[in-house]
Amino acid sequence: MKLHIGDKTIELVEGDVTRQEVDAIVNAANSRLAGGGGVDGAIHRAGGPTIMLETDAKYPGGCPTGTAVITGAGNLPSKYVIHTVGPVWSGGGRGESELLEAAYRNSLELAAENDCRSVAFPSLSTGAYRYPMDQAARIAITTAIDYLGRHDLPELVRFVLFGQGAYGAFAAALEEQG
Ligand code: AR6
């Protein structure tokens with residue numbers, strides 16, 4: 001499923017973010033950049049040890065929730081991995097929506113600064129961090145639409161959703177906005 005915004009595109013696919021041939025893929029990391037399960041585990045497994053060596057060397061202080069950092073992509077087909085940290089869901093009253101929006105926005109900004117034309121995101125915060133999928137999908141889609149409408153890069157944002165539930169939530173959010 002696709003939405004065109006001028007000459008920009010938002011695309012939804014079901015699949016594995018580590019397999020995407022785009023300029024940058026986004027990692028759903030933790031604030032210590034310590035690696036973990038879910039997308040983070042898959043990226044470090046498929047990309048190899050150079051990614052963690054680079055985060056350790058360049059970002060020893062980690063990456064606070066809502067911010068993003070960039071590294072090379074090791075053995076992955078993309079050029080870069082953008083590591084961002086979404087919020088842990090704790091009921092919605094602790095600034096979770098603003099932090100999730102910031103994680104998407106700062107990742108898009110970092111992609112643009114690094115001349116990335118195409119970026120693939122997983123659904124941030126909706127696994128181990130338990131953010132409700134429907135609400136997270138709406139934030140992801142509205143933030144991407146807003147960003148693409150106001151900037152030259154990236155030109156393509158692809159959301160790579162794991163399973164039909166995630167795909168359905170993002171498709172509903174895209175239809176709501178499209
Ligand atoms: N491709 C696309 N989506 C995936 C993939 C994949 N290969 N693997 C899982 N998902 P999570 P979070 C989906 O837990 O909630 C880690 O341990 C998954 O179904 O990866 O932001 C980190 O180190 C879910 O919908 O990220 C952190 O400690 C979504 O991606 C913590 O988990 C995000 O799930 C971050 O938690």
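Below, each value reflects all heavy atoms present in this structure, side chains not excepted, and no hydrogens, waters or symmetry copies. Residues: numbered from 1 along the sequence shown. Numbering of ligands and ligand atoms starts at 1, following listing order.
Distances below 4.0 Å separate heavy atoms of Gly15 from the following atoms of ligand 1: 1 (N), 2 (C). In summary, the atoms of ligand 1 found under 4.0 Å from a heavy atom of Asp16, numbered by their order in the structure, are 1 (N), 6 (C), 7 (N). Interface of Gly35 with ligand 1, defined as ligand atoms under 4.0 Å from a residue heavy atom, comprises 23 (O). Close contacts of ligand 1 with Asn30, meaning ligand atoms under 4.0 Å from a residue heavy atom, involve 22 (C), 23 (O), 27 (C), 28 (O). Using a 4.0 Å cut-off to heavy atoms of Met133, the atoms of ligand 1 that qualify are 25 (O). Using a 4.0 Å cut-off to heavy atoms of Gly36, the atoms of ligand 1 that qualify are 17 (O), 23 (O).
Around atom 16 (C) of ligand 1, the closest heavy atom drawn from Ala128, Gly37, Gly38, Gly163 belongs to Gly37. Taking all heavy atoms of Val39, Val88, Asp40 into account, the minimum distance to atom 30 (O) of ligand 1 is reached by Val39. The option with the heavy atom closest to atom 33 (C) of ligand 1, from among Ala166, Pro122, Ala28, Ser123, is Ser123.
Counting only heavy atoms of the protein, atom 13 (C) of ligand 1 lies nearest to Phe162 CB, 3.7 Å. Nearest protein neighbour of atom 25 (O) of ligand 1, counting heavy atoms only, is Thr126 OG1, 2.9 Å. Considering only non-hydrogen protein atoms, atom 21 (O) of ligand 1 sits nearest to Ser125 N, 2.9 Å. Shortest contact from atom 1 (N) of ligand 1 to any protein heavy atom: Val17 N, 3.0 Å. Looking only at heavy atoms of the protein, atom 15 (O) of ligand 1 is closest to Gly127 N, 2.8 Å. Tyr129 OH, 3.6 Å is the protein heavy atom nearest to atom 27 (C) of ligand 1.
For Lys2, the NZ atom counts as loosely surrounded, since its 6.0 Å shell holds 12 or fewer non-hydrogen atoms of other residues, nucleotides or ligands. Heavy-atom neighbours of Glu113 CD from other residues, nucleotides or ligands within 6.0 Å: above the threshold of 12.
Residues Ala144 and Ile10 share a closest heavy-atom pair of CB-CD1, 3.8 Å. Of all heavy-atom pairs spanning Asp40 and Ala28, the tightest one is CB-O, 3.8 Å. Closest non-hydrogen pair, Ala103 versus Leu124, comes out as CB-CD1, 4.0 Å.
A distance-only check finds a donor-acceptor pair linking the side chain of Asn106 to the backbone of Gly66 [under 3.5 Å].
With a heavy-atom cut-off of 4.0 Å, Val160 touches ligand 1 through its backbone alone.
Gln20 and Ser78 are not linked by any side-chain donor-acceptor pair at a separation below 3.5 angstrom, with hydrogens and angles left out of the test.
Between Tyr104 and Phe159, the angle of the ring planes goes over 60°, which puts this pair in the perpendicular group of the 30/60° scheme.
Between Lys79 and Asp23 there is a salt bridge, since a side-chain N of the basic residue sits under 4.0 Å from a carboxylate O of the acidic one.
Contact annotation: the side chain of Pro64 never approaches that of Val85 to less than 4.5 Å [non-hydrogen atoms, C-beta and beyond].
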